[in-house]
Amino acid sequence: MKLYRSLNIIFLIIFITGTALCFKYLPGEIPLFMQSPPRWVFIGICFVILLALAIAAFFPHKISKNDNDVRNHITLTVINLFGLGLFLFYFVTIAKYCGLQMNYLKGIALIVGGLMVLVGNFLPQMPYRSRIGFKLPWILKDKLCWQKTHRFAGYTAVPFGLIQCLLTLFASNSNLVFLPGIGIWIIIVCIYSLVTFYQNREDSGKYNSSDFS
């Protein structure tokens, strides 16, 4: 369990070591989608996020706001998955500057698709108002809406993640593979949560009115 909590620290150590070895090969600006942040900004942002995840892994109960061991283990697993995703994203991005020939957009899309499949197994178990999950205002107001939304998000994340991975492998345009996967998935989950919220309000109103009849 101690090693599991330290997983992001291991990623951080490899991150620092790999960056030190590859730094001289990196260009002044790192092309990312439609932006090209300076080398130091890109490295710094990735480092800070990975460091924050490494620290958070030692306090899963603070994030889940719960002392239940099972829920805290789930929270820790999600933190580690985010750390793994960022770690892989970073090295897929800089790999081509270090002599490794690969399409970094396809690599990132595969990472995101794989993480969707993994996270989909944990979303239905996210405790109410956890710091991890879909935190739209109407979801946070209604515990039942939170539970239904995250159950739906978990069940749909797996097929959408697999679709994104398959499109990444077979589609010719790497810039569009995110849309049918994580893009549409997020939109569908948000719409579902809003519909669920209003349905819960209507059901609650019916029950209240029946009490007075």
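Quick caveat: nothing in here was measured; it's all calculated off a predicted structure.
Looking at residues two or more places apart in sequence or on another chain, you find a side-chain contact (heavy atoms from CB on, under 4.5 Å) between A157 and W185. Not counting sequence neighbours, the partners of L144 by the side-chain contact (heavy atoms from CB on, under 4.5 Å) test are D142, Q147, K148, N200. Considering only residues two or more places apart in sequence or on other chains, Y90 meets the side chain to side chain donor-acceptor pair (under 3.5 Å) condition with T19. Residues that satisfy the side-chain contact (heavy atoms from CB on, under 4.5 Å) test with L21, not counting sequence neighbours, are T17. Evaluation of the side chain to side chain donor-acceptor pair (under 3.5 Å) rule for T196 yields no partner, not counting sequence neighbours. Looking at residues two or more places apart in sequence or on another chain, you find a ring-ring contact (aromatic ring centres under 6.0 Å, His included) between F23 and W40. In terms of the side-chain contact (heavy atoms from CB on, under 4.5 Å) criterion, residue partners of L50 (sequence neighbours excluded) are, by chain and number, N8, F11, L12, F15, L86.
Y155 places no side-chain N or O within donor-acceptor distance of the main-chain N or O of P124, the cut-off being under 3.5 Å. Using a distance-only test at 3.5 Å, with no hydrogens or angles considered, no donor-acceptor pair links the side chain of R39 to the main chain of I30.
Sorted by first and then second residue, the side chain to side chain donor-acceptor pair (under 3.5 Å) pairs involving residues 21-31 (not counting sequence neighbours) form an empty list.
Under the side chain to side chain contact (heavy atoms under 4.5 Å, CB included) rule, F82 has a single partner from L84, V78, I79, which is V78.
Counting Ile, Leu, Val, Met, Phe, Trp and Tyr side chains that sit under 4.5 Å apart, directly or through other members, L162 shares a hydrophobic cluster with V117, V158.
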